[in-house]
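These numbers were taken from a predicted model, which means no experiment stands behind them. Quick note: residue numbers are just sequence positions, from 1.
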Amino acid sequence: LSLVCLGSLRRAAIKRIWSDPWRSDAYTTSPSKSSSTGGYNMYGIDKQMNGFELGGLFRVPGNQREMDRVQEMFNKGNYDILSSSAEFLPTNAHVPASVMKLWFRKLKDSIIPQSYYFDCLEIGKHVKSEEKLNEFVTNELPKYNQFVIAVLVDFLRELEKFHEQTKMTFTNIAMVFSPSFLRCPSERMGDIFTMNTAEKRFVELLIRKLKTDTINA
């Protein structure tokens, strides 16, 4: 989503996934790196909307009406929310940040498929699991999931550099994004609550230690 930090995903794929986030072929287009920036396109929340200067980015919810407007634009194939000629300009970066989280959580499966859920929790039990973590991601997960993980992790690391302004430390980022990376296979509230700490532990390890440069788009 170029408008919500994942601009490296092609627009056709974004439109298809956003319009029907329950599709089984959610990751059918490979993200690509930008030759002009030398890295993944992450404009919008971070730069053009000064999101990295906002306290509680990704924790403070965006205005619901504005979020609805952004989703409506995306569904019509209009992804331009940043230029002066845009149909609608969000008030602040909390809006696209909230839409980004919502988009991931509406997918039929989490970024790391549920079938790998308990493998992730096991890896997260050990502080010194960097090698095991990287082997797991690059050898076990589907390629398109790897691409999305790499793009998102790179962005979240960039976000963490501004933790003094945003208050989003690695721990807070992991807490907010655990439901995007992992989804508990049980629907019992007791199980979901019990697994929450283990999920956050794994996601923080993922953000800190994943070697994203070894994942080729």
Side-chain angles (χ1 to χ4, degrees), residues 1-23 26-27 41-112 114 148-149 151-153 155-156 158-160 162-163 165-184 187 189 192-193 195-196 199-200 203 207:
L1 291 167
S2 60
L3 308 175
V4 286
C5 310
L6 295 181
S8 48
L9 288 174
R10 294 173 189 165
R11 290 186 172 186
I14 297 168
K15 179 180 179 181
R16 180 176 63 253
I17 297 169
W18 181 263
S19 299
D20 187 359
W22 292 274
R23 290 178 65 106
Y27 306 113
N41 296 329
M42 296 186 297
Y43 301 106
I45 291 176
D46 54 343
K47 296 177 181 177
Q48 288 172 265
M49 299 193 73
N50 300 316
F52 286 177
E53 299 176 9
L54 282 179
L57 185 67
F58 289 109
R59 295 182 70 182
V60 176
N63 179 277
Q64 186 60 53
R65 289 187 179 182
E66 294 191 20
M67 289 172 60
D68 291 342
R69 288 287 302 277
V70 172
Q71 181 177 342
E72 181 182 347
M73 289 172 60
F74 285 179
N75 287 339
K76 292 189 298 185
N78 181 359
Y79 305 99
D80 182 10
I81 62 170
L82 299 176
S83 72
S84 58
S85 60
E87 175 185 333
F88 170 71
L89 292 172
T91 303
N92 54 49
H94 290 309
V95 174
S98 296
V99 171
M100 176 179 172
K101 288 195 303 179
L102 178 64
W103 182 78
F104 279 124
R105 294 180 187 187
K106 278 192 173 183
L107 292 173
K108 183 178 180 180
D109 204 351
S110 47
I111 300 174
I112 298 177
Q114 279 191 345
V148 174
I149 291 168
V151 174
L152 184 54
V153 165
F155 171 75
L156 295 177
E158 191 68 21
L159 168 64
E160 194 279 335
F162 297 84
H163 64 267
Q165 295 94 315
T166 65
K167 312 304 180 186
M168 295 301 289
T169 60
F170 279 122
T171 299
N172 287 339
I173 292 171
M175 177 181 66
V176 170
F177 278 90
S178 289
S180 298
F181 283 105
L182 295 172
R183 195 169 299 166
C184 182
E187 296 183 357
M189 290 305 298
I192 294 173
F193 181 79
M195 299 295 190
N196 185 256
E199 292 173 1
K200 288 187 291 186
V203 172
I207 298 171

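Scored by the side-chain hydrogen bond (donor to acceptor under 3.5 Å, both in side chains) test, Asn63 finds no partners at all (sequence neighbours excluded). In this structure, the side-chain contact (heavy atoms from CB on, under 4.5 Å) partners of Asn92, at least two apart in sequence or on a different chain, are Leu54, His94, Val95.
Contact detail for Leu57 and Ala97: the closest heavy-atom pair is CD1-CB, 3.9 Å. Nearest approach of Ser98 to Gly62, heavy atoms of both residues: OG-N, 2.8 Å. Across His163 and Glu160, no two heavy atoms sit closer than the pair ND1-O, 2.8 Å. Nearest heavy atoms, Ala174 versus Lys200: CB-O, 3.6 Å. Minimum interatomic distance between Met168 and Arg59 (heavy atoms only, all atoms of both residues): SD-CD, 3.3 Å. For the pair Ser180 and Lys101, the tightest heavy-atom approach, listed with the atom from each and the gap, is OG-O, 4.4 Å.
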For this session: Please assess Ile111 against Phe104 for the test side-chain contact (heavy atoms from CB on, under 4.5 Å), listing each intermediate value before the final yes or no.
Result: CA-CA 8 Å; Ile111 300 174; Phe104 279 124; 3.6 Å; yes
Exercise. Passes side-chain contact (heavy atoms from CB on, under 4.5 Å), Leu182 versus Met195? Steps please.
Worked result: CA-CA 10 Å; Leu182 295 172; Met195 299 295 190; over 6 Å; no
For this session: For the pair Val203 and Ile207, evaluate side-chain contact (heavy atoms from CB on, under 4.5 Å) and give the outcome as yes or no after the intermediate values.
Result: CA-CA 6 Å; Val203 172; Ile207 298 171; 3.8 Å; yes
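Separation of atoms CZ (Arg183) and NZ (Lys108) is listed at 11.0 Å; rounding is to 0.5 Å. Atom CD1 of Ile112 sits about 10.5 Å away from atom CD of Glu199, to the nearest 0.5 Å. Remark: Arg105 CZ to Leu107 CG distance equals 11.5 Å, nearest 0.5 Å. Between the CE atom of Met67 and the CG atom of Leu102 there is a distance of 5.0 Å, given to the nearest 0.5 Å. For the atom pair CD1 (Ile173) and OG1 (Thr166), the distance works out to 6.5 Å, reported to the nearest 0.5 Å. Atom CD of residue Gln114 and atom SG of residue Cys184 lie 8.0 Å apart, to the nearest 0.5 angstrom.
Remark: Gln64 CD is packed, more than 12 non-hydrogen atoms of other residues, nucleotides or ligands lying under 6.0 Å away.
Side-chain contact check for Leu152 versus Met100: some heavy-atom pair is nearer than 4.5 Å.
The aromatic rings of Phe162 and Phe52 lie tilted to each other, with the angle between the two planes from 30° to 60°.
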